[in-house]
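Here's the structure we're looking at; comments come further down.
Quick note: numbers below take in every heavy atom, side chains included, and nothing from hydrogens, waters or symmetry partners.
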Number of protein chains: 2
Amino acid sequence: MSQATPPKPTDAELEILHVLWQHGPATVRAINDSLSQRRQAEVGYTTTLKILQLMLEKALVRRDAADRSHVYRAAVREQETQGLLLDKFVAATFGGSAMKLVMQALGSRSTSADELAQIRRLLNDIEIQNSTSNSDDDDRA
Amino acid sequence: MSQATPPKPTDAELEILHVLWQHGPATVRAINDSLSQRRQAEVGYTTTLKILQLMLEKALVRRDAADRSHVYRAAVREQETQGLLLDKFVAATFGGSAMKLVMQALGSRSTSADELAQIRRLLNDIEIQNSTSNSDDDDRA
DNA sequence: CTCATTCTACGAAATGATTCGTAGTGACCT
DNA sequence: AGGTCACTACGAATCATTTCGTAGAATGAG
């Protein structure tokens, strides 16, 4: 059981993870280029390299050092990482209430009909899940 | 328009804002006590004081210095502040997609029937808003 | 008046994140 | 072989945040 959960990525680390999640394994050079595009300004090559090295220590990424230019890949899944960050954020900002967060996200933002329908579909799925896993509780309000 | 938007509060500042939002105006002493309760450990009195002084500079709080022990009050509204933080968070973590956030928040979390109903109600309200305020090709922004 | 208590103000240490410069190494081209 | 280029490793400067210690002023009790 030496598999400690990788720690919460910082902002810069998260940005690199986004690149890796989107593009798949990549060299420092490629990651740095993506990063420079994504922001408005050039990012120093060694800055990106350094962060990747720190991420390697934290086990947020793995690397293949077979070639001279190492290839990095994400070692954490997108959904899990986002869930982890979401938990922290909800705790700090909304006192732990995911409901408040959802209300705020939907309420103070323009949401298209498509998106609303998508959420409804999700709600239905969740309700089905809830009722099938919990047979004595069939409420038809 | 000299009303610059107060900056994004840090974690410690946000925690103090929570206290102020919940309890209303309070002295440093009272705030410090609430903080110490909220966490597991004692918080140094001067630590709380210092943060409040910084928050004052940033215009996150106001203070009444009439008495010897100053009374601080929140200068930013809860919903607005949460909305600001939410925007930043969604941008950094979900690439700007509030939808992904909502899906994640609802999907990977146990949500009660009550809460689901609450969200459905909110969805209905939003759809009504959308259809009444915005009929087809009538763009009155 | 004097002492103890409580307050504010401020400096500064400790920590974490981000950035970049420099050094060293290997590869490739001529 | 010699020179140039791209790469990794690493130290260190910078910046923001959080924390606390100390000093000095006001207050109230005896």
Side-chain angles (χ1 to χ4, degrees), chain A residues 6-19 25-36 38-73 81 84-85 88-89 91-93, chain B residues 6-19 25-36 38-73 81 84-85 88-89 91-93:
Chain A
K8 171 171 159 320
T10 67
D11 284 349
E13 290 167 352
L14 184 59
E15 214 177 342
I16 287 183
L17 283 177
H18 275 305
V19 171
T27 62
V28 180
R29 177 63 59 191
I31 294 169
N32 184 252
D33 288 350
S34 287
L35 238 52
S36 296
R38 182 180 270 264
R39 306 194 191 175
Q40 301 214 330
E42 269 297 300
V43 181
Y45 178 86
T46 54
T47 302
T48 304
L49 174 63
K50 179 68 158 187
I51 294 184
L52 278 165
Q53 287 169 345
L54 293 175
M55 291 174 78
L56 184 63
E57 278 182 14
K58 296 187 190 176
L60 288 171
V61 295
R62 287 191 225 289
R63 81 174 168 193
D64 177 358
D67 288 343
R68 195 158 92 81
S69 57
H70 304 169
V71 171
Y72 288 83
R73 74 187 61 238
T81 304
L84 182 75
L85 292 170
K88 303 259 187 195
F89 177 74
T93 305
Chain B
K8 171 172 161 318
T10 66
D11 284 349
E13 289 167 352
L14 184 59
E15 213 177 343
I16 287 184
L17 282 177
H18 275 305
V19 170
T27 62
V28 179
R29 178 63 60 192
I31 294 169
N32 184 251
D33 288 349
S34 287
L35 239 52
S36 296
R38 181 180 271 265
R39 305 192 191 177
Q40 302 215 329
E42 269 297 299
V43 182
Y45 177 86
T46 55
T47 301
T48 304
L49 174 62
K50 178 68 158 188
I51 294 183
L52 278 165
Q53 287 168 345
L54 293 175
M55 290 174 80
L56 185 64
E57 279 182 15
K58 295 189 192 176
L60 288 171
V61 295
R62 288 191 225 288
R63 80 172 169 196
D64 177 357
D67 289 341
R68 193 157 94 81
S69 58
H70 304 169
V71 171
Y72 288 84
R73 76 187 60 238
T81 303
L84 183 75
L85 292 171
K88 302 259 188 196
F89 178 74
T93 305

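Under 4.0 angstrom from either OP1 or OP2 of C:dG21 there lies no side-chain N or O belonging to A:Y45. Of the side-chain N and O atoms in B:T10, one or more sit less than 4.0 angstrom from OP1 or OP2 of D:dT18. Remark: B:Q53 is in phosphate contact with C:dA9, judged by side-chain N or O atoms under 4.0 Å from OP1 or OP2. Within the 4.0 Å cut-off from OP1 or OP2 of C:dC7, at least one side-chain nitrogen or oxygen of B:R29 is found. For D:dT18, the OP1/OP2 oxygens have no side-chain nitrogen or oxygen of B:R39 closer than 4.0 Å. Within the structure, every side-chain polar atom (N or O) of B:T46 is placed at least 4.0 Å from both OP1 and OP2 of C:dT8.
In this structure, of D:dT8, D:dT19, C:dT18, it is D:dT19 that holds the atom nearest to the side chain of B:K50. With distances taken from any side-chain atom of B:L54 to the nucleotides D:dC7, C:dA9, D:dT18, the minimum falls on D:dT18. The side chain of A:K58 has C:dA17 as its nearest neighbour among C:dT19, D:dT18, C:dA17. Closest to the side chain of A:V28, from the set C:dA9, D:dT8, D:dC20, is D:dT8.
Side chains of A:L35 and A:T47 form no contact here, defined as non-hydrogen atoms less than 4.5 Å apart. In this structure, A:R38 and A:V43 have side chains that are not in contact, with every pair of non-hydrogen atoms separated by 4.5 Å or more.
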Does the pair A:H70 and A:V28 meet the rule for a side-chain contact (heavy atoms from CB on, under 4.5 Å), with working shown?
CA-CA 7 Å; A:H70 304 169; A:V28 180; 5.7 Å; no

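Within the nucleic acid shown, B:T47 comes within 4.0 Å of at least one base atom, counting heavy atoms only.
Between B:Y72 and the options B:L60, B:V19, B:I31, B:T48, a side-chain contact (heavy atoms from CB on, under 4.5 Å) holds for only B:I31.
Rounded to an integer number of Å, the gap from B:D67 CG to D:dA26 C1' is 13 Å. If you measure from atom CG of B:L56 to atom P of C:dT8, you get 12 Å, rounded to the nearest angstrom. Here D:dC10 presents its C1' atom at 15 Å from CG of A:L52, a figure rounded to the nearest Å. Here D:dA16 presents its P atom at 15 Å from CG of A:D11, a figure rounded to the nearest Å. Rounded to an integer number of Å, the gap from OH of B:Y72 to P of C:dC7 is 12 Å. B:I51 places its CD1 atom 16 Å from the P atom of D:dA16, with the value rounded to the nearest Å. As a whole-Å value, the separation of A:E57 CD from D:dA9 C1' is 11 Å. Computed from coordinates, the A:K8 NZ to C:dA17 P distance equals 8 Å when rounded to whole Å.
In plain terms, the two heavy atoms of B:N32 and B:G44 that are nearest each other are ND2-O, 3.4 Å.
No hydrogens or angles were tested; on distance alone, a donor-acceptor pair under 3.5 Å links the side chain of B:R68 to the base of C:dT6.
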